Asks: 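Quick one: the structure is below, questions incoming.
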Amino acid sequence: MRKTHKKIDNAIRIALTGVCESALKKVDGFQWLTHLVDYGNFPQILAVVCIFENEFSVTKLAQSGQQPFEQAIISALNTINIPISVHQITFTTEHQWRAQH
């Protein structure tokens, strides 16, 4: 990873940490979030993955409206001039995440 990529990655991590801390207090079943980046195609290949304890928690968020959570992520990244759309944000369970990675 290049030095500039490390700086960008650190800025993303810091921006998303605030969203994560807030979501831990406000969103039932939320566990943590992470980001995946392909710096060869950045920022088009930037994904934010929100991890929940179980499928019920993911479904409950979808039913109650995940837009505020998505907007918090988008806003946090916009503050560091990194554009992202809702299509780059996913919600999954810890079990599904670990099975894929």
Side-chain angles (χ1 to χ4, degrees):
M1 184 182 296
R2 299 163 120 174
K3 191 173 183 178
T4 55
H5 295 163
K6 286 182 183 181
K7 286 182 179 183
I8 294 169
D9 202 66
N10 191 48
I12 293 170
R13 184 186 53 77
I14 290 168
L16 292 177
T17 295
V19 175
C20 183
E21 290 173 354
S22 177
L24 284 167
K25 296 173 188 171
K26 297 178 181 178
V27 181
D28 290 339
F30 174 74
Q31 297 289 304
W32 50 281
L33 59 78
T34 191
H35 67 282
L36 307 168
V37 182
D38 174 357
Y39 284 105
N41 295 304
F42 180 78
Q44 295 80 12
I45 307 296
L46 166 63
V48 176
V49 182
C50 304
I51 310 296
F52 287 78
E53 63 186 356
N54 55 46
E55 190 62 42
F56 175 76
S57 298
V58 175
T59 302
K60 184 177 175 183
L61 179 68
Q63 291 172 345
S64 66
Q66 60 198 37
Q67 185 177 11
F69 198 167
E70 292 167 335
Q71 287 305 312
I73 292 167
I74 291 167
S75 294
L77 293 175
N78 278 337
T79 63
I80 56 171
N81 297 317
I82 297 176
I84 187 171
S85 75
V86 294
H87 304 293
Q88 293 169 271
I89 303 169
T90 58
F91 300 90
T92 190
T93 66
E94 189 165 357
H95 176 75
Q96 291 169 334
W97 172 257
R98 297 213 185 276
Q100 294 172 350
H101 298 90

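The model shown is predicted, which means the values in this text are computed figures rather than measured ones.
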Asks: For Leu61 and Cys50, what are the C-alpha separation, side-chain angles and deciding distance, and is it a side chain to side chain contact (heavy atoms under 4.5 Å, CB included)?
Replies: CA-CA 11 Å; Leu61 179 68; Cys50 304; over 6 Å; no
Asks: For Ser22 and Val19, indicate whether the former's side chain and the latter's backbone hold a donor-acceptor pair under 3.5 Å.
Replies: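 Pair absent, no side-chain N/O of Ser22 close to backbone of Val19.
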Asks: Applying salt bridge (charged side-chain N to carboxylate O under 4.0 Å, His left out), name anything that partners Asp38, two or more places apart in sequence or on another chain.
Replies: none
Asks: For the CZ atom on Phe56, are there more than 12 heavy atoms of other groups (residues, nucleotides or ligands in this structure) within a distance under 6.0 Å?
Replies: no
Asks: Are side-chain heavy atoms of Leu16 and Ile73 found at a separation under 4.5 Å?
Replies: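 Side chain of Leu16 against side chain of Ile73, heavy atoms only: contact under 4.5 Å found.
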Asks: Work out which heavy atom in Gly65 is nearest to a heavy atom in Pro68; give both atom names and the distance.
Replies: O-CD, 3.5 Å
Asks: If I compare all heavy atoms of Gln66 with all of Ala62, which pair ends up nearest, and what's the gap?
Replies: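 Closest approach of Gln66 to Ala62, heavy atoms only: OE1-CA, 3.6 Å.
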Asks: What closest approach, in Å, do Val86 and Glu70 show between heavy atoms, and which atom pair accounts for it?
Replies: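 Shortest heavy-atom separation between Val86 and Glu70 comes out as CG1-OE1, 3.7 Å.
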Asks: Tell me whether Glu21 contacts the main-chain N or O of Gly18 through its side chain, where contact means a donor paired with an acceptor under 3.5 Å.
Replies: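 Checked: no pair found.
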Asks: With a cutoff of under 4.5 Å between side-chain heavy atoms, which Ile, Leu, Val, Met, Phe, Trp and Tyr residues group with Trp97?
Replies: Trp32, Leu36, Val49, Ile51
Asks: Please verify the inter-ring angle class for Phe30 with Phe52; under 30° counts as parallel, over 60° as perpendicular, anything in between as tilted.
Replies: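 It falls in the perpendicular class, over 60°.
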Asks: Taking it one step at a time, do Ile8 and Val37 satisfy side chain to side chain contact (heavy atoms under 4.5 Å, CB included)?
Replies: CA-CA 10 Å; Ile8 294 169; Val37 182; over 6 Å; no
Asks: How close do Gln31 and Leu24 get, heavy atom to heavy atom, and via which atoms?
Replies: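 Smallest heavy-atom distance, with atoms named: O-CD2, 3.3 Å.
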Asks: Inspect the contact between Arg98 and Glu94 and indicate whether a charged nitrogen and a carboxylate oxygen are less than 4.0 angstrom apart.
Replies: yes
Asks: Distance from Asn54 atom CG to Thr59 atom OG1, nearest 0.5 Å?
Replies: 8.5 Å
Asks: Side chains of Ile80 and Ile14: closer than 4.5 Å at any heavy-atom pair?
Replies: no
Asks: Heavy-atom count check: over 12 atoms from other residues, nucleotides or ligands less than 6.0 Å from His87 NE2?
Replies: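 No - once you tally the heavy atoms of other residues, nucleotides and ligands closer than 6.0 Å, there are 12 at most.
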Asks: Atom CG of Leu77 and atom OG of Ser85: how far apart are they, to the nearest 0.5 Å?
Replies: 11.0 Å
Asks: With a 4.5 Å heavy-atom cut-off, do Ile89 and Ile74 have their side chains touching?
Replies: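 Contact flag for Ile89/Ile74 side chains = yes.
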Asks: Grab the two heavy atoms, one from Ser57 and one from Gly29, that are nearest each other, plus how far apart they are.
Replies: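 What the structure gives for the nearest pair is OG-CA, 3.4 Å.
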Asks: Go through it in stages, so that I can follow the logic: the residues are Asp9 and Tyr39, the test is side chain to side chain contact (heavy atoms under 4.5 Å, CB included), and I'd like the CA-CA distance, side-chain angles, deciding distance and then a yes or no.
Replies: CA-CA 10 Å; Asp9 202 66; Tyr39 284 105; 3.2 Å; yes
Asks: Any side-chain heavy atom of Cys20 sitting closer than 4.5 Å to one from Leu33?
Replies: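 Yes, at least one pair of side-chain atoms sits under 4.5 Å.
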Asks: Would His95 and Glu55 count as a side chain to side chain contact (heavy atoms under 4.5 Å, CB included) if you check the C-alpha gap in whole Å, the side-chain angles of each, and the deciding distance to 0.1 Å?
Replies: CA-CA 9 Å; His95 176 75; Glu55 190 62 42; over 6 Å; no
